[in-house]
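Notes to accompany the following structure.
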There are 2 protein chains.
Amino acid sequence: MPLTANAAPSKAQRAYDWIKAQIMSQAFSPGYRLVLASIAETLGMSVVPVREAIRRLEAEGLVTFERNVGARVSMVDGEQYSYSMEVLAVLEGAATALSAAHITAEDLAHARELNASMEASLKNFDPQTFTETNHEFHRVLACRCPNERLNDLVTVEWERLNHLRTSTFSFVPERARASVNEHHQILHLIETHAPADAVERAVRQHRAATLRSYLSSREEPDEAQRHTA
Amino acid sequence: MPLTANAAPSKAQRAYDWIKAQIMSQAFSPGYRLVLASIAETLGMSVVPVREAIRRLEAEGLVTFERNVGARVSMVDGEQYSYSMEVLAVLEGAATALSAAHITAEDLAHARELNASMEASLKNFDPQTFTETNHEFHRVLACRCPNERLNDLVTVEWERLNHLRTSTFSFVPERARASVNEHHQILHLIETHAPADAVERAVRQHRAATLRSYLSSREEPDEAQRHTA
DNA sequence: TTATTCGAAATCGTATATTATCCCGAGGGG
DNA sequence: CCCCTCGGGATAATATACGATTTCGAATAA
């Protein structure tokens, strides 16, 4: 029996986890060049496991790869951001609808608590915290979805959006209040056992509204700059 | 300029393409053990590119990996098959709805032709061909969807289902006729510029119906065996 | 007979070494 | 002054080598 009952995750796995963490924490921001040798040295391993880790991240869409040039953290331009938001609207809507029937009273209480916390933080608004709590809120509502595959896809899409600090609420703080109110409505629908497609519509429109806020906010900066300029 | 205008796709890429092709063509069927060294030898390369290829396939869910043991083509049990079908219903519904507004007359004609071909092949029914044409039909309807990310996800999910020859029509040939009829309805909705959510509902229910046929067909074999036993 | 231990074969995991490719700057024509 | 060509440095791509782990069968003891 290998006494390594501890862990010994493979180096490839460690590399994967580490790089992903760096990306999520914005230590590696979009466009950052991932140099195999230097990452390998930092982690005290050879380049082989690092390459494998990067391949996996590539397949997940977190990094882009160019032959003979190397990998970099994916740039997600406004267009791709919109695409991912749209996809997330669809996936999360479906996942939440499927989850609704299995939501427990504790889940609802937890979600309510999270939403209350978001409501409370509307003054002293911190986009970072707000976004995280928002994520947690939706995760709680969707987590009872029995379709594991769907859950995975929701997670991947969240991560894809999250690695941009672009989290919409940084751009559109005004959207936060409306968001909290829509959360109330979604909770109400679930609590009253509304039809699944009503839940789905509500969640999808909730996210679609967030996307619209983001998109219209990309127009205004031009004007704002024109004022200050 | 490198006169290698030819191609020279990287070996890692070649390995990826080759393995994926083997899986899709059922040369490597679910559960097949992917041995690095033998694949490397077959392709005339070392194991390193093969490992990278497998890591990418792993991230896509086509193969599963176990530490110190190796990779094998993913087994997709009935449950996972259902999950993927459900996900595909959601994704394809959304993609087709978004695509509908941009569908050209040629696209419609092409789709109609494909459906006619499916209808014609109802006698001399060949599940394999029918499934392929069915795939092509839906691809044509969804391909104008401007959301690239959504298109990618639809493709991945299709591939995930496809590498099982389980293609539902092998189990439930009776479903084929109903399927063709539903295709007519979907075409009609798109042609008459029905609202996007009507198209989405139609496509989703179309696939959900296929899934139901599959699920109920998994009950009957027991009875059939009881008769013959 | 059955359970257990030992060991060899197969295969994976990782490091190191070698080759190929790209990027960029310096130097030579036009 | 600008364009082209030619190296050198950085880095990726691949090969080879070796150590580590699992697997499985055979030999042995209960």
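- The side chain of A:Asn68 has D:dA12 as its nearest neighbour among C:dA15, D:dT14, D:dA12.
- For A:Val48, whose side chain is taken as the heavy atoms from C-beta onward, the closest listed nucleotide among C:dT16, C:dC12, D:dA13 is C:dT16.
- As rounded to whole Å, 17 Å separates atom P of D:dA13 from atom CZ of B:Arg55.
- Spacing between atom CZ of B:Arg14 and atom C1' of D:dT14 amounts to 12 Å, rounded to whole angstrom units.
- Closest to the B:Lys11 side chain, of the nucleotides D:dA15, C:dA15, D:dA12, is D:dA15.
- Distance B:Arg51 CZ to D:dT14 C1': 14 Å, rounded to the nearest Å.
- For the residue pair B:Arg56 / B:Gln13, a side-chain donor-acceptor distance below 3.5 Å is found, with atom types taken as modelled.
- Residues B:Met45 and B:Ala15 come closest through the heavy atom pair SD-CB, 4.1 Å.
- In terms of phosphate contacts, A:Arg67 brings no side-chain nitrogen or oxygen within less than 4.0 Å of OP1 or OP2 of D:dA12.
- Sequence order on DNA chain C of the closest nucleotides to A:Gly44 and B:Val69 puts B:Val69 first from the 5' end.
- Across the protein-nucleic acid pair, A:Leu36 atom CG and D:dA13 atom C1' stand 10 Å apart, rounded to whole Å.
- The distance from atom CD of B:Glu52 to atom C1' of D:dA15 is 13 Å, rounded to the nearest whole Å.
- C:dC12 atom C1' lies 16 Å from atom CD of A:Gln13, rounded to whole Å.
- When heavy atoms are screened at a 4.0 angstrom cut-off, A:Ile54 is found touching no nucleic acid atom at all.
- A:Glu66 places its CD atom 20 Å from the P atom of D:dA10, with the value rounded to the nearest Å.
- A donor-acceptor pair shorter than 3.5 Å can be found between the side chains of A:Thr104 and A:Asp107.
- For the residue pair B:Arg160 and B:Gln80, a side-chain donor N or O sits within less than 3.5 Å of a side-chain acceptor on the partner.
- Out of C:dC12, C:dG13, D:dT11, the shortest distance to the side chain of A:Arg33 is found at D:dT11.
- Minimum atom distance to the side chain of A:Pro49 is reached by C:dT14, of the listed C:dT11, D:dA13, C:dT14.
- No side-chain donor-acceptor contact under 3.5 Å links A:Tyr81 and A:Glu86.
- Proximity note for B:Ser46 (side chain, C-beta onward) versus C:dA15, D:dA13, D:dT16: the nearest is D:dT16.
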